[in-house]
Structure formats: C-alpha cells, structure tokens
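Working notes, structure below.
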2 protein chains.
Amino acid sequence: MIAKKQENRPLASSIHDLARHLNISIGTVSRALNGRADVNADTRQRVLDAAKKLNYSPNQSGRSLRRGATHSIAFMLQPHPGDQQYGEPFFIPFLTGLQARLAESGLDLIVVMGAPGDYQQERLRRVVETRRADAVVLAWTRREDERIDYLSEVGFPFATLGRSLSGGKSYPSLDLDFEKAGADAVDRLVARGHRRIAAIRPSLNLNFGYLFLDGYCKALQRHGIEVDPGLIADGFINEAGGYEVMPQVMNSKDPPTAVIFNNDAMALGGCKALAEIGIKPGHDIAVIVIVDTPLCRYFSPALTAFRPPLEPMGRRLAEMLLASIPAYAGTDGARIIHEVWPLELIARDSD
Amino acid sequence: MIAKKQENRPLASSIHDLARHLNISIGTVSRALNGRADVNADTRQRVLDAAKKLNYSPNQSGRSLRRGATHSIAFMLQPHPGDQQYGEPFFIPFLTGLQARLAESGLDLIVVMGAPGDYQQERLRRVVETRRADAVVLAWTRREDERIDYLSEVGFPFATLGRSLSGGKSYPSLDLDFEKAGADAVDRLVARGHRRIAAIRPSLNLNFGYLFLDGYCKALQRHGIEVDPGLIADGFINEAGGYEVMPQVMNSKDPPTAVIFNNDAMALGGCKALAEIGIKPGHDIAVIVIVDTPLCRYFSPALTAFRPPLEPMGRRLAEMLLASIPAYAGTDGARIIHEVWPLELIARDSD
DNA sequence: TGTGTTCTCGTAAACGTTTACGGAAAATGT
DNA sequence: ACATTTTCCGTAAACGTTTACGAGAACACA
C-alpha cells in the first residue's frame, strides 16, 4: 500500500531527456558521452554539463543489450560444504582485491552463490546462457573440472583461482605453490628432527591436494625418508573430516611425530581428535597447516601455517582475466597468463 | 591470439531462433514461454520442447530493458575496515541464506563490494542509477544512515540487516536483539557475583552499539548497580581497536571484574591487551562477547558468546524484501515487515 | 567558380524481449 | 444461415542504448 512511490521521481534520466533538454539528437548525445571524435568540442561540453546537471547515468540493460556485453564479471562462490553456521572467510579478501581491480575498469563483480555442497554446474550454465556476465572466475578447481570443460567448450571467457588438468592452457590461472609449501613444511620438520610426518588432505579431487602431496613426497624422498602410505589420509574438507581421519594415521603401527594439514578446518578437527587422546600440538606432536586463516592464529596453540596474499591475488587475477579478453585488453590483444605464487610461512607455536 | 572462439557457436539461442524453427511468430513464442493464457496448449508444448532442444534461455538484458526490472538484488558488502588480510566471515552464511531464498524466486544476488573503509555512498548511487538491481540490501546500519536517507528519498526499494533511526518505518528490517543480549550478559555476570562490569563497543555510530549499551545500562540499574562511565569505552571496530581501548577501562580507579565486548574482533584485541598485563580471561576476569564467530570458539579460552542464526536470517530478510516490493509480492500487495530476532548464548570458558 | 575534403550532426536500424491491439478462424448460440 | 463470442496468433511498438550511413555546411584548393 505504501511502497508505491517508485515513480514519484524519475530516478535516472535517459539519453532522450538529455537530447530534448539540449535540443539535439540522441545520436549526438550518445557520441558525446562516449567520447567519439565526430562531435563538436562545444556541444560535447554542453552534453557533459547537462548529464551532470540532470544526473544522467546510462541504463545498463540498454547498453548491455546493444553492445552484447554486460560489463560485469561473475565469481562463483561455493560455500564450504558441511559448514552451515560459518562459511568461507578465505575468499573475502580475495574478493576485495578482485572487485577493486574490476571497478577500476568500470566492471561490476557479481558473486553467484550456490547451495553448500552442490557443484554449481547448473548455476554456471545459467549465468553463461542468460548472459549475466561477460566472464566468470572459478575457485577451488578440481583436478578434472567439468566447469572448466564446459566453459572452454562453449568458448566463454573465464579465469581460475587454482590450476586444473582440464581445459589445457587456454585460460588464465593464478595458483599458490602448494608443492613448494608441502616440501617446505617437510624440510622444516625434518630439520627439527622429525622422520615420521603425516599428511592430511581433502578428498574430492581438489587439485591443490595433489600438488601438496607431490611436494610432500618429493621432499621426503630427498631426505631419504620412505613415504609411508599409512601416514597419508584423505578426509572431507571440513572440521568433521579432520576429526574423523586423524585417528586413522595415529593408529598406524609407527605413529607420526608431526602432521601437515592441507586445510585449516581439517586441522582444527584433527587437533580436537588429538586432544581427546591426550596429545598436545606443539608439545607432543608438531603441526603445520598449509593455508592459514585467522582461525590458525587464534587457536591454542597458535598454528604454524603458510599464508597466501589473498587480496593481491584477487587484484592480479582480475588483471589477468581482463588481459585475456580481447574486448577489454588494450590494443595489444589478448594474452593468457599463468602464475604460481609462493606461500609465506608464519611460524607460530604448534611445531 | 587464441581466445577468439567466443563466436564459434551461438551460446544461447534467441526467441527469434525458436520462432524460425517452429515457423511461428516471436510474439507467440514469448507468450508460450511466459505462460500466458492466449496460446494453444499444443503450440505451447511445441515451443517448450523446442526451447529445451535449442537450449534456449532468455537474454537478461533484453528482458530487463523491456520489463524495466533487472531481476537481481544487490547486497552492499563492506569489508571490515582496517583488516586487510582476513575480512568478514560474518556475512557469508547470511549471504548463503539470502541468495538461496532469492534463487527460489528466480532472482540473482549481486554482491557489491566497496573498498575497506569507504562508506559506499557513491557505489550505492551507481547501483541505483544504472539500474543494476531492483532493490538493495544494506548491512551494518548506522544510527543515522545516509544510505537509508538516500534510498528512501529516491524511492528505491531496500531492506536492512539492522535497524536505524533514519528513514522511518518505511522499509523492511531484520535485526538482532542487542538490547536483550546486553541485558542477558549483565544478568549472567551479576548472577555470578560480578558488580564491576565493563562494556566495550564500536565507535562510528553503528546502531547495534547503542542498542547493546541500552540493554547493558538498564540491566545494571535493575540490579541496583550504578552505571560507571569509566567502565564504558568505544574503540575502532577491529582487533587493534579492542587492544587500544582495553587499558582505558582497566586503569580506572576501581577496575572491572568482567567485561562485555560488542564485537568479536574487538574482544580478541582486548584479550591480547589483558594477556600483556597478566590478566587471564575466564580466570582473573570474566569475558562475554555479543556476536559470536568461529574465532570465539577456537580462542583460548573459548569465549562465551551470543550466536545469531545467520543463514535463516538471510532467508528471512530476502522474504521480507520480496514481500515489500509490489512487483514481487503476491496478489496481496506490499507489506513492510520489521523483525527483531533473539540471540542465543553459547556458554564457553571465558566467564 | 567548381571540386574535393573535413566537421558535425540527424536518421534509422539494431540488440532481445514483452505486450497492446486487431484480425482470422473456429466455436457457440439462435 | 446468420450473429456473437471465444480462441489463437501475427504485427508492431516499445524499453535505452550504440553506430553505420549519409547529408548539409564550412572550408580549402585550384
């Protein structure tokens, strides 16, 4: 009954309003606004002034329709499966960087969320087919990733946070150096006298789990330590998963004196399981986690972890995505860039 | 050089393709697709089949342009000021609920991020004026909120997470009962023998800070305890703010034996300051925080806190927003709903 | 003066939809 | 058989842009 006032004032004026106000044609107004050459410097100025005065800003739908581009980029955010109450703090700083860079180029960021757990394939199709965005950004890439297959098959522009075996090298990607982090963690633990080092990583076929394990195994072998399958375990990528899988390696005949977690949530669950059998991280066992979150810092004991520069990564991936799209790239055409960034170790009390 | 394949296959077919394929007019196709009455049941079926076969989905820009509605809702997400590395886990489950409900009505959720710290007024104008969304959702409402003033002045539909003095009762809002939480915290502490209870809340004029303080003061008076201004302090809403402001109340001539924090990040900073002067939460001083996050649970000692049902809140606010917009509400017209939800106390080890 | 060039602008079509309008065909009523 | 209603569908305009095309005016050059 109340909210009828939508129409009480024209929120935005159209290009027609400007034309009428200035007594010129809409074509000229559009050209002036878009900075084309074939318009008199004086009339351009008058158009610009009128636009400011009448508070004009172009209708995105009209523009998108005509140009065939939406001027927005979609990020597919998938909430942590199994964690209803509190989700994924990881991506916020990344998104901050992403949107900051996109905004500089006049692009909007659309965050498309899926229900926790579903693999967002349909949602992705919807974004692509309804032309909601000009490109998408994917995260949490799988080793074989059907989203990547789909996008490269239909030729829709995209970039990924994380590598994948799918889709070849045809799209920009930015990833962290999980191999090196895995190796560094092993090096550090070995230097501190550990020989029995467990590795706990997420199931599903999240690609970073493989990369991490590679680095872990290679480093072990470099130190002349045999890889013991009994010390490697996969679990669901949340606290419960870490809790369930921890006993598995602790019950091996020759238990580990150190453990590397490939995920913070799993580390928390693992530590809970350890506490229940009276084993204290940083005292009875060394713990390192590969991707740091605030949780690691505030946990007791504070967990030694590798920290990613998330905000710069967001900026950079946006940059790379833009460079890969001909319409957005400068005159130099499209470039496909791949980068792998190092992780920085933050030494704390758990190892 | 590569990424030229954008055009190798028409990603989506238009309504014209369907019409040509079926040898009927586009008008009929559109009517069939939109479920209008004046189309033969048989032809409708043929249109639907063809749509599925040709993988048709409507172009959003065209539809928006014609209908004057974008079918998307914008959420203005403002990263926590001062916290670059890790942002705002608080909103993720809220967003999950929000988007889930919107998706049920066929609406998209656009998350618009601002740079940390800026008050997003321009960004809001841009969203409104370029017609990127049909409505917006605001969070972290201020006591007097210029965003709300702006939106209600121009008559743009919106809803808020949190109350405000601005804008009257003309928009839907969903808030937590911070007054009751403040009072409950005091009751609990008094029952445990405390009489000197400090309150630390964010500066800026975030409205929940006022509500909390109201509840705190009233409860104190109810117990016959005089409110001591020396035990109340405002700080910047992040860890550093809590760290800086904590000594202020501890140095009062009659220091507190308990402290209530109105924000988790500030609580963390406050506890750090306490640790540095050898005071241990849960042992030497009681600590309660009003809004729980995962950080409270993993902190040592685990912090007693009030937990909001964020995901249901997101769903509900979406529902309320939809009901307030005539175009989306059912036949019953627009209703403006206001709700205040209780916070649940999670007793842990810090009090 | 005549010809060619450059500036500037108006006209109109197009992007993909939705929908008001009217008309032909079919169904119904007398 | 005729009048009336109903059913179904095509036509065309509209939403707000952008842009190809062409035309008129001004200018330069011989």
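Given the structure is predicted, the values throughout are model-derived calculations rather than measurements. Below, all heavy atoms of this structure are taken into account, side chains as well, without hydrogens, waters or symmetry copies. Just so we're on the same page: letters track the sequence lines, and every chain starts at 1.
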Donor-acceptor pair between R132(A) and S72(B) side chains, under 3.5 angstrom = yes
Ion pair check, D17(B) and R20(B), cut-off under 4.0 Å = yes
So, is N40(A) close to the dC7(C) phosphate, meaning a side-chain N or O under 4.0 Å from OP1 or OP2?
-> no
Nucleotide by nucleotide, 5' to 3', does protein get under 4.0 Å of the base (B), only the sugar-phosphate (S), or neither (-) in nucleotides 16-21 of chain D, counting heavy atoms?
-> BBBBB-
D17(B) has an atom CG; how far is it from atom C1' of dC15(C), in whole Å?
-> 13 Å
Got a second to check how far S64(A)'s OG is from Q60(B)'s CD, nearest 0.5 Å?
-> 10.5 Å
Can you check side-chain contact (heavy atoms from CB on, under 4.5 Å) on L107(B) and L322(B), steps first, answer last?
-> CA-CA 10 Å; L107(B) 299 173; L322(B) 262 29; 3.6 Å; yes
Rounded to the nearest 0.5 Å, the CG atom of L102(B) sits from the NE2 atom of H71(B) at a distance of 13.0 Å
Would you indicate what S64(B) reaches in the nucleic acid, counting non-hydrogen atoms under 4.0 angstrom: base, sugar-phosphate, or nothing?
-> nothing
